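Here the structure comes first, spelled out in structure tokens, and everything after it is commentary.
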Amino acid sequence: MPAFVAALTVLAGVLAACGSADSGIVRLSAPPMGWNSWNAFGCGVTEATVHAAADALVSSGMRDAGYRYVVVDDCWFDQSRTADGSLRGNPTTFPDGMAALGKYLHDRGLKFGIYESPSSRTCAQVGGSYGGSTGSTGHVVQDARTFASWGVDYLKYDWCGAPASIDRMKRAFGSMRTALRDTGRPIVLSVNPNSLETNPAVPETVGASGDWSGAADLVRTGQDVYPLWDNAIADRVYVNGSYTIAGIRDTVERSVAVPAHAGYYNDPDMLVIGTSLSTLGFPATASVPSQLPDTQARVQLVMWAMLGAPLMAGNDLTRMSDQTKALLTSAGVIAIDQDRSKPGNRIGRIGDVEVWDRNLAGGDRAIALYNPGSSPATTRLDASAIGIPVGCTATGVLTGRSQPLDGPITVTATGVELYRVHCG
Ligand code: GLA
């Protein structure tokens, strides 16, 4: 029996159904898509940069391709709460205030996302790149009401506390979930249990290993993804004292072991397509390019789609190359990402090439041939062995060309080919 058929049999029983998320706050029929300020602007985010990003989402066609949530990440807030304990926007960088920002986004057919932590400080406050101590500890209900009053549609809720048990984090996330629900406004809750997780015995697995059903709509499964192929590169090239950095290859590899749960979407972190390492504080070196090469950028979008992951762009949309725009707005890849079916998974290997499979809701199959290796690889897939009858058509989702799956297919080094297989 070919290795990938055996693997298919084993995997068949492992995946739980997951075609929608329902935390009790919002019923999502597909993983959210949008843009987040962190990777391009960090603590330099301002009202003007968010306006420009929103305008670019509209003019680039990204909004109409599905990217609707605009998430203002860390550092949007005043470093002190007001006299009554409320959060407010930083008056210097968000002079019109957060309700006006929400209106700006809503007026353009976009949704408003914001960032907070259940701990006493946000991650930037813990790391020292931003002052104050304005996490939600002691203010959960008040903050939920404030967000609802501003028209917030999405909250990224980032642990940023000392490593803690899953139960403790679930309770903290759950009380915000309840507070959001009690506002009566549907607000997507996206949690990150991994921030500041530094225990080498359990690196990057807190989100991945827990069952967060009922606590949130989206759950981060690992550390921050950087525009790097492999976290081994980060470990070798950069001094990385505070927390682990993830790359594309290791994030895909880790995702194989993360079970799907009905009720929430696994979130392997934001897209880093078109973002720069230097903006994130890591200078490029002779051996590490500042941006992901095109092949690796394609791997991120395609594999995130195979995983049914949220698609949150993080690049500066006002300086996006045509190539980045074309990739991010690829309708065929987005359709696979947004499909109501359960996430795909790896079903086998042919040499260096991994075979990934996703059974789509309408009966089509998405097949990704992913080559994490450093040399190009040519494969022949035994289509009948994975239940694809003779006579089905495989169309390259990024190329638009039909291709017999059992013909020779060459996959570039650190690259991927994605097919939509239609029978009958
Ligand atoms: C953590 C999160 C990032 C980002 C920063 C903000 O590192 O994982 O996605 O939100 O905090 O400080």
Side-chain angles (χ1 to χ4, degrees), residues 32 34-46 49-50 53 69-77 79 87 90 93 113-136 152 154-164 169 172-173 176 188-198 203-208 212 216 218-228 231 234 238 240-248 250-251 254 265-273 275-277 279-282 300 304 309-315:
W35 178 84
N36 175 299
S37 60
W38 183 251
N39 284 339
F41 298 104
C43 278
V45 65
T46 65
T49 50
V50 180
Y69 289 90
V70 174
V71 183
V72 187
D73 207 284
D74 210 342
C75 310
W76 58 266
F77 36 82
Q79 295 179 7
L87 290 168
N90 180 314
T93 49
I114 211 161
Y115 170 100
E116 178 54 307
S117 168
S119 305
S120 55
R121 289 179 292 166
T122 69
C123 278
Q125 289 176 326
V126 172
S129 53
Y130 201 73
S133 180
T134 52
S136 279
V152 165
Y154 179 112
L155 174 63
K156 174 171 170 179
Y157 207 41
D158 196 2
W159 179 251
C160 305
M169 283 190 264
F173 295 143
M176 178 54 87
V188 174
L189 181 60
S190 161
V191 302
N192 179 13
N194 299 286
S195 41
L196 307 189
E197 176 56 76
T198 54
E204 306 181 42
T205 59
V206 181
W212 305 88
L218 313 175
V219 178
R220 272 274 294 275
T221 54
Q223 290 295 359
D224 294 11
V225 172
Y226 278 61
L228 283 170
N231 61 2
Y238 303 110
N240 176 25
S242 57
Y243 61 96
T244 314
I245 291 173
I248 303 301
D250 44 292
T251 299
R254 187 189 59 239
Y265 295 109
N266 289 323
D267 174 8
D269 199 17
M270 298 176 281
L271 299 175
V272 288
I273 297 164
T275 69
S276 298
L277 268 180
T279 315
L280 291 158
F282 294 90
Q300 191 183 27
W304 263 232
L311 299 180
M312 288 289 171
N315 53 317

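All values derive from a computational prediction rather than experimental measurement. Counting starts at 1 for both ligands and their atoms, following the listed order.
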Considering all heavy atoms, the nearest [X]-[Y] contact:
{"X": "Gly314", "Y": "Asn39", "value": "O-CB, 3.6 Å"}
{"X": "Tyr157", "Y": "Ala172", "value": "CE2-O, 4.0 Å"}
{"X": "Asp224", "Y": "Tyr226", "value": "O-CD1, 3.4 Å"}

Below 4.0 Å from ligand 1: does a non-hydrogen atom of [X] turn up there or not?
{"X": "Asn192", "answer": "yes"}
{"X": "Gln223", "answer": "no"}
{"X": "Tyr115", "answer": "yes"}

Handout entry: Under 3.5 Å donor-acceptor, Asp269 side chain and Val225 backbone
Key =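 Yes, because the side chain of Asp269 sits within donor-acceptor range (under 3.5 Å) of the backbone of Val225.
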Problem - Under 3.5 Å: donor-acceptor pair, side chain of Asp250, backbone of Asn231 - result: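 The answer is yes, because a donor-acceptor pair under 3.5 Å joins these two groups.
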Handout entry: Between Asp74 and Tyr130, a side-chain donor and acceptor under 3.5 Å
Key =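 No, Tyr130 and Asp74 have no side-chain donor paired with an acceptor closer than 3.5 Å.
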Practice task
Just go through Val71, Asp73, Asn36 and tell me whose heavy atom is the nearest to atom 10 (O) of ligand 1.
Solution key: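 Looking at heavy atoms only, the winner is Asp73.
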Problem - Option of least heavy-atom distance to atom 8 (O) of ligand 1 (set: Val225, Asp74, Asp224) - result: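 Going through Val225, Asp74, Asp224 one by one, Asp224 has the nearest heavy atom to atom 8 (O) of ligand 1.
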Practice task
Would you mind telling me if ligand 1 is within reach of the side chain of Asp158, the backbone, both or neither, using heavy atoms under 4.0 Å?
Solution key: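 The side chain, only.
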Against heavy atoms of [X], which atoms of ligand 1 measure under 4.0 Å?
{"X": "Lys156", "result": "3 (C), 4 (C), 9 (O), 10 (O)"}
{"X": "Arg220", "result": "8 (O), 9 (O)"}
{"X": "Ala124", "result": "12 (O)"}

Practice task
Only one of Asp158, Asn36, Thr122 passes side chain to side chain donor-acceptor pair (under 3.5 Å) with Tyr115; say which it is.
Solution key: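 By the side chain to side chain donor-acceptor pair (under 3.5 Å) criterion, Tyr115 pairs with just one of Asp158, Asn36, Thr122: Asp158.
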Exercise for the section: Please indicate whether any nitrogen or oxygen in Trp38 is less than 3.5 Å from any nitrogen or oxygen in ligand 1. Expected result: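 Not met; the criterion fails.
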Exercise for the section: Return yes or no for this condition: an N or O of Asp269 is under 3.5 Å from an N or O of ligand 1. Expected result: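 The answer is no, given that Asp269 and ligand 1 share no N or O pair closer than 3.5 Å.
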Practice task
Would you please classify the geometry between the Trp159 ring and the Phe173 ring as parallel, tilted or perpendicular, with 30° and 60° separating the classes?
Solution key: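 Rings of Phe173 and Trp159: perpendicular, over 60°.
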